[in-house]
Amino acid sequence: MTEPVVTRFAPSPTGFLHIGGGRTALFNWLYARRFGGKMLLRIEDTDRERSTEPAIAAIIDGLQWLGLDWEGEPIFQFARAARHAEVARQMLAEGKAYECFATAQELTDMRELARAEKRPPRYDGRWRDRPAADIEAAHAAGLKPVIRLKAPQDGETIVEDRVQGRVVFPNKDLDDTVLLRSDGTPTYMLAVVVDDHDMDVTHIVRGDDHLTNAARQTHIYQAMGWRVPVMAHIPLIHGSDGAKLSKRHGALGVDAYRALGYLPAALRNYLVRLGWSAGDKEIFTTQEMIDAFDLPQIGRSPARFDFAKLENINGLYMRAMPVDELLAALLDTLPHLEHGTALAAKLDDGLRAKLLAAMPGLKERAKTLVELLDGARYLYADRPLALEPKAKELLDGGGRAHLIALLPRLEALGDWNASGAESVVRAYSEEIGAKLGSVAQPLRAALTGRTTSPGVFDVLETLGREESLARLRDQTKD
RNA sequence: GCGACCUUCGUCUAUCGGUUAGGACGGCUGCCUUUCACGCAGCAAAGAGGGGUUCGACUCCCCUAGGUCGCACCA
């Protein structure tokens, strides 16, 4: 029996949950699910200057919207500062760490000198082996030291990464990491290691921007005699031009994807295939993802974010979704959609029924909820309808005559439904020897104000007799 | 500057020394059709460059180029 898998998602609340973070969370979540373990959420808020409450709320909201849950309450790293300091002091007592009184100015000079000599900027270890007397003197002078790790100076540190492979770092390239600042607060490097250890994290899955940190953190694990968790550093997501992901590329908060009308299940499906694959399979249910997910299938090269593909997958999900569920998803998302309030304000049982009736025709024509909402506008537009320019042209260019001719025939229609309306319109167009399109298009223009919509006969049916005829009369007047 | 990592169609990817290098998105044709979509059928499109190793390299090794990340008392 192996120990249970514990993964964690550990965002710093200095901004919103962006798309790369969302994917990292998804991978952690999937891995935990796959192996019957759990995912923890840790908010890395030790940077008091930049951490904000709204960011914390946005991250939690983003994860929930994406459908990714975590075990227990979120752990706030800052709240554990005393424990982190305790570990630093323990390392100091054990000689695994030392006090360093180098001033900010000294450190800056050190870096500039290194740069001038074309060496990598690195702390030179000037307090590493100072006699006790020097340290006492510095204390006596009222100086506040940082605690630095006494990292190995020779040999190499090996990170056995499950995605990147065996990565070797010469120890001479890694300097003595600061563990505790001079004000007594822990650094990220210390806090992460202590927390991952205390939380019994077995697998660390994070962006490969942390790969070199992994070597430094390995030193801390070794100094404490703790077992190093399995590491998996996944490549970052890039923008469509291969450069760093920017706003323009999709480096938006996940809440922005909700506002753009993407379904969480579709976004998950898109994200899981960015950097991970299982043969040629493209579409996965959540369960299929869980069953197929594992670390070896994660690629080592960065992927570019592609809105077109996301849109395609979202369209696939929308079309596959039962109409009542899709409608529910649309209505739930209304507060987040740009023109959502217009529909929300008019929503009643009648409109709800019309939306549901129109949904089969609507969902074939939309790739996002935004497009779905837009496509549904004719259902609740106020009379007389504002006509789009092309729709107006259609009526002015001879279409109105057809409406005038059709109006009495439609008024005479017994049962008001799509097939009945179709017979009437077809009979008329045959009578006058016109193509069906030449009659159907003006009809559509008058009924929806547009030149594209679901099938006109379906439009007539869902709109109902009164509304349909009224809209036609509106357009025959002038 | 130093270090690490990456490099298959425009994009996401399959391939785990032997394939006509496959799939998906996007693009283009066509079919369907009352519009727009959907759907269906088809077409074009790739191993960064150069050296090795091998009977045989997309696959292994080296170099070059390009890209990304990292090098804080930030996380």
Side-chain angles (χ1 to χ4, degrees), chain A residues 10-14 44-47 49-51 77 100 102 104 107-108 111 114-123 144-148 159 161 163-165 167-170 173-175 177-183 185-189 191-192 207-213 215-216 233 235-236 238 240 242-244 270 273-283 299-313 315 319 361-367 371 375 390 394 422 425-426 429 435-441 443-445 448 450-457:
Chain A
S12 46
T14 54
E44 308 216 316
D45 57 349
T46 54
D47 186 341
E49 301 289 312
R50 297 194 300 156
S51 298
Q77 193 161 57
C100 167
L107 295 173
T108 306
R111 259 177 239 122
R115 199 175 297 274
E117 294 177 358
K118 299 195 173 179
R119 284 183 295 109
R122 210 163 285 130
Y123 174 68
K144 297 288 183 202
V146 300
I147 294 181
R148 302 186 97 107
V159 175
D161 194 274
V163 170
Q164 304 293 336
V167 188
V168 179
F169 298 88
D173 294 343
L174 272 10
D175 58 8
T177 314
V178 173
L179 302 175
L180 208 62
R181 300 189 188 98
S182 53
D183 64 1
T185 60
T187 61
Y188 161 80
M189 212 63 76
V192 166
D208 71 4
D209 49 338
H210 287 285
L211 187 57
T212 44
N213 291 337
R216 294 190 143 81
H233 288 91
L236 268 19
H238 289 173
S240 51
K244 188 190 170 92
Y270 174 70
R273 285 287 288 102
L274 265 192
W276 174 86
S277 62
D280 286 339
K281 194 167 167 63
E282 298 279 350
I283 303 299
R300 286 165 309 258
S301 57
R304 302 182 186 201
F305 192 86
D306 182 14
F307 269 112
K309 184 129 186 180
L310 206 210
E311 201 154 286
N312 170 267
I313 290 177
R319 271 172 265 133
L362 253 19
K363 72 174 185 174
E364 299 296 324
R365 293 167 173 77
K367 288 196 159 74
E371 290 178 5
K390 279 182 188 167
L394 218 42
E422 180 164 1
V425 176
R426 277 191 190 277
S429 61
K435 283 181 140 183
L436 185 56
S438 64
V439 180
Q441 275 302 86
L443 205 48
R444 184 191 319 281
T448 69
R450 297 180 162 186
T451 54
T452 69
S453 78
V456 258
F457 308 121

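Below, read A as the first sequence line, B as the second, and so on, with proteins coming before strands; counting in each chain starts at 1.
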message: Can you check the distance between B:U20 and B:C9, where both ends of the measurement are the C1' atom (answer in whole Å)?
response: 16 Å
message: What's the gap between B:A65 and B:U53 when it is taken at their P atoms, as a whole Å value?
response: 24 Å
message: On the nucleotide B:A14, are OP1 or OP2 found under 4.0 Å from the side-chain N or O atoms that A:Ser277 carries?
response: yes
Base B:G23 to side chain A:Glu282, donor-acceptor N/O within 3.5 Å cut-off: yes
- line: A:Arg304 has its side chain closest, among B:A4, B:C12, B:U34, to B:C12
message: As a test of reading the structure: which of B:G70, B:C12, B:G22 is closest to the side chain of A:Asp280, going by heavy atoms?
response: B:G22
- prompt: Does the gap between the ring centers of A:Phe305 and A:Tyr270 come in under 6.0 Å?
  reply: yes
message: I want to verify a distance call: between B:U68, B:A75, B:A24, whose nearest atom is closest to the A:His238 side chain?
response: B:U68
statement: Scanning all shown strands, the Watson-Crick or wobble mate of B:G10 with both distances under 3.5 Å is B:C25
message: Taking atom NZ as the centre, does A:Lys144 end up with more than 12 heavy-atom neighbours from other residues, nucleotides or ligands that are less than 6.0 angstrom away?
response: no
- request: Could you tell me whether A:Arg319 atom CZ has more than 12 heavy atoms of other residues or ligands within 6.0 Å of it?
  value: yes
- line: Note: for A:Ala366 and A:Ser182 on RNA chain B, the residue whose nearest nucleotide lies more 5' is A:Ala366
query: Nearest of B:C73, B:A75, B:G26 to any side-chain atom of A:Ser12?
result: B:A75
- prompt: So what does A:Arg50 touch, heavy atoms closer than 4.0 Å: a base, only the sugar-phosphate, or nothing?
  reply: base
